[in-house]
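Report on the following structure.
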2 protein chains.
Amino acid sequence: MKNVFTFVHMFTLAEENYMKAIFHLEHESADEVSTNAIAESMATKPSSVTDMIQKLAEKKLVVYKRYKGAKLTEKGKKIAANVIRKHRLWEVFLVEKLNFHWDEVHEIAEQLEHIQSEELITRLDKFLGSPDFDPHGDPIPDKHGVLKRTEKKLLSEIEKNQKGVCVGVKESSPDFLQYLDKKKISIGTKITVLGKEFFDGSMIIQVGNEQFFISHKIAENLYVQTL
Amino acid sequence: MKNVFTFVHMFTLAEENYMKAIFHLEHESADEVSTNAIAESMATKPSSVTDMIQKLAEKKLVVYKRYKGAKLTEKGKKIAANVIRKHRLWEVFLVEKLNFHWDEVHEIAEQLEHIQSEELITRLDKFLGSPDFDPHGDPIPDKHGVLKRTEKKLLSEIEKNQKGVCVGVKESSPDFLQYLDKKKISIGTKITVLGKEFFDGSMIIQVGNEQFFISHKIAENLYVQTL
DNA sequence: GTTATTTTTTAGTCTTGGCTAAAAATAAAA
DNA sequence: TTTTATTTTTAGCCAAGACTAAAAAATAAC
């Protein structure tokens with residue numbers, strides 16, 4: 001089939017997905033990522049990965065040495081970050097505007113992230129109020145592909161009298177999400193830890209004008225960014 | 001490449017585009033559509049078209065007889081209508097929510113129409129207030145693929161004292177669109193023809209509380225649905 | 001420092017969806 | 001009704017991106 005997206009810089013769906021996968025793996029273990037690791041993360045075979053990273057290397061999107069794994073170039077990194085930016089912006093859209101739940105949006109965003117239009121993303125970002133985090137609390141890279149280095153912590157790691165902004169959840173079972181809804185906790189909600197019980201890890205927290213008790217189980221499944 | 005969209009009924013991007021093209025051509029000239037016509041409308045070669053319609057025929061999406069062209073089956077028609085539904089809903093989104101202009105949205109919608117998720121479209125439709133027309137005034141098929149038979153007319157064809165709702169434009173040059181903006185005419189705007197000059201086709205119309213003069217050139221580029 | 005194991009690469013196939021060039025069927029003209 | 005022109009199909013080829021099986025390199029174990 002002919003390439004449907006006729007723009008200046010064009011990468012195929014497969015190329016974008018490979019770069020994205022390598023990007024994520026690099027952020028997990030710093031060094032160049034192994035063929036096997038990429039294959040596993042993409043549910044494909046190592047031989048297919050070798051093929052592709054060789055092609056990406058020719059296009060100067062990754063640095064590749066036989067038997068030594070791959071590493072994104074600056075250009076590759078930028079492209080990957082942009083795909084991730086689109087993915088996360090679309091997730092915000094799906095949750096905030098279409099009322100999907102946090103755990104329903106990944107598959108759809110996986111498709112939407114490949115839509116090609118700079119202007120679309122510029123406008124979508126504006127429409128959503130230029131969010132900094134996606135519904136899972138992961139940071140959204142800016143339009144230059146720069147990913148704000150974020151101090152995402154579990155609420156349970158926060159000390160007494162510290163504040164944090166809710167940026168996501170670790171677990172996302174319906175029960176948990178409903179609990180959060182009930183307590184009016186969502187992305188962007190400011191939380192202050194008023195008290196912390198060392199015996200069971202439970203906490204007293206303040207959300208808006210309300211103060212209430214939460215168990216350790218709740219606190220260890222909620223990501224916050226400290227302020 | 002492996003199919004990215006893993007759903008129940010899955011058609012490739014190419015298959016969807018062929019069905020869509022055939023759907024449009026059938027609505028232009030009733031009968032089965034010729035290989036050449038499809039090739040031209042898709043900017044591809046007749047031999048490629050033959051290949052594809054044979055594949056579609058095996059899948060019972062079109063009826064095909066050698067040298068006799070193709071015709072969508074009920075199933076094929078439904079699928080095509082659904083792609084068109086998605087295309088037009090996304091166009092509404094782009095114009096109404098992201099403030100794109102009517103003539104900027106086609107390329108992007110061409111990509112978005114292939115995103116696979118029933119739920120997404122259900123919610124998008126609701127989010128947009130279940131619109132009946134896209135920004136070009138073309139009707140949006142319902143979720144069963146039924147296309148409301150519409151009486152789309154040019155404003156110039158409307159008689160004195162008749163009313164219509166603006167459903168789209170024929171020409172969509174920036175100048176024309178800006179003119180319409182200035183006159184506060186957009187999709188859904190009610191227009192009443194107060195007077196009509198037979199000599200030059202100019203009109204006096206009412207839009208909201210304002211009454212003003214428009215030339216024939218304007219009137220013959222504006223689609224309305226009569227009320 | 002060999003041998004064994006794991007990882008990675010190569011070589012060769014497959015499918016999708018394009019393409020060109022040539023053949024066959026249909027339609028138009030003489 | 002032949003001949004000519006057009007349309008459509010077939011046959012064969014190409015690229016992307018997957019796969020399997022076998023070879024080669026790097027690691028680990030003895």
Side-chain angles (χ1 to χ4, degrees), chain A residues 1-7 9-22 25 29 31-59 61-71 76 79 83 110-111 114 116, chain B residues 1-7 9-22 25 29 31-59 61-71 76 79 83 110-111 114 116:
Chain A
M1 190 195 61
K2 212 180 289 177
N3 208 325
V4 184
F5 312 137
T6 54
F7 288 83
H9 293 303
M10 269 309 315
F11 302 99
T12 65
L13 208 148
E15 285 170 341
E16 288 195 347
N17 281 335
Y18 271 97
M19 286 189 269
K20 187 180 54 152
I22 296 169
L25 290 169
S29 41
D31 272 338
E32 44 269 294
V33 295
S34 74
T35 304
N36 260 7
I38 298 169
E40 195 186 358
S41 89
M42 298 190 69
T44 185
K45 302 289 166 182
S47 57
S48 308
V49 174
T50 301
D51 267 7
M52 182 55 95
I53 59 184
Q54 286 175 351
K55 284 177 202 160
L56 293 177
E58 270 178 28
K59 297 184 182 179
L61 299 169
V62 302
V63 180
Y64 165 68
K65 270 193 189 134
R66 287 173 14 283
Y67 296 99
K68 287 288 177 188
K71 203 164 153 18
I79 294 160
V83 174
E110 205 71 11
Q111 300 175 54
H114 300 290
Q116 302 282 349
Chain B
M1 193 196 58
K2 209 181 290 174
N3 206 324
V4 185
F5 312 137
T6 53
F7 287 85
H9 292 304
M10 270 310 314
F11 302 98
T12 65
L13 208 148
E15 285 171 341
E16 288 194 349
N17 281 335
Y18 270 98
M19 285 189 270
K20 188 182 54 153
I22 297 169
L25 290 168
S29 42
D31 272 336
E32 44 271 293
V33 295
S34 76
T35 303
N36 261 6
I38 299 170
E40 196 186 356
S41 88
M42 299 190 66
T44 185
K45 302 289 164 182
S47 56
S48 307
V49 173
T50 302
D51 267 6
M52 181 56 96
I53 60 185
Q54 285 174 350
K55 283 177 203 160
L56 292 177
E58 270 178 29
K59 296 184 182 180
L61 298 170
V62 304
V63 181
Y64 166 69
K65 269 192 190 136
R66 285 171 18 286
Y67 296 96
K68 288 286 174 188
K71 203 167 157 4
I79 293 160
V83 173
E110 206 72 9
Q111 300 176 52
H114 300 291
Q116 303 283 348

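Proteins come first, then strands; the chains are lettered A, B, ... in the order of their sequence lines, and each starts at number 1. Here the structure is a predicted model, which is why all the values come from computation and not from measurement.
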Expressed as a whole number of angstroms, how long is the span from A:Met10:CE to D:dA16:P?
14 Å
Once you round it to whole Å, what is the distance between C1' of D:dA18 and CG of A:Leu13?
14 Å
Does B:Glu40 have any side chain to side chain donor-acceptor pair (under 3.5 Å) partners at least two apart in sequence or in another chain, and if so, which?
none
By the salt bridge (Lys or Arg N to Asp or Glu O under 4.0 Å) test, which pairs, at least two apart or in different chains, include something from residues 12-22 of chain A?
A:Glu15-A:Lys59, A:Lys20-A:Glu110, A:Lys20-A:Glu113
What I'd like to find out is whether the side chain of B:Val49 reaches to under 4.5 Å of the side chain of B:Met42, using heavy atoms alone.
no
Without decimals, in angstroms, what is the distance between B:Ile38 CD1 and C:dG17 P?
15 Å
Please determine whether a side-chain nitrogen or oxygen atom of B:Thr44 lies at a distance below 4.0 Å from atom OP1 or OP2 of C:dC19.
yes
Between P of D:dT8 and CD of B:Glu32, the distance in whole Å
12 Å
Nearest to the side chain of B:Asn36, which nucleotide is it out of C:dC19, C:dT8, D:dT7?
D:dT7
To the nearest Å, give me how far apart CD (A:Glu40) and C1' (C:dT6) are.
14 Å
Distance check needed: D:dG17 C1' versus A:His114 NE2, whole Å only.
15 Å
A:Ser48: what forms a side-chain contact (heavy atoms from CB on, under 4.5 Å) with it, not counting sequence neighbours?
A:Tyr18, A:Thr44, A:Lys45
Protein and nucleotides 9-14 of chain C: nitrogen or oxygen contacts under 3.5 angstrom:
residue	atom	partner	partner atom	Å
C:dT9	OP1	A:Tyr64	OH	2.5
C:dT9	OP1	A:Tyr67	N	2.8
C:dT9	OP2	A:Thr35	OG1	2.9
C:dT9	OP2	A:Thr50	OG1	2.9
C:dT9	O5'	A:Tyr64	OH	3.4
C:dT10	OP2	A:Gln54	NE2	2.6

Check: B:Gln116 side chain, B:Met10 main-chain N or O, donor-acceptor pair, under 3.5 Å:
no
Could you tell me the separation between the NZ atom of A:Lys45 and the P atom of C:dT6, rounded to a whole number of Å?
17 Å
Check side-chain contact (heavy atoms from CB on, under 4.5 Å) between A:Asn36 and all other residues, then give those that pass, not counting sequence neighbours.
A:Ser34, A:Pro46
In whole angstrom, give the distance that lies between atom CG of B:Asn17 and atom P of C:dG18.
9 Å
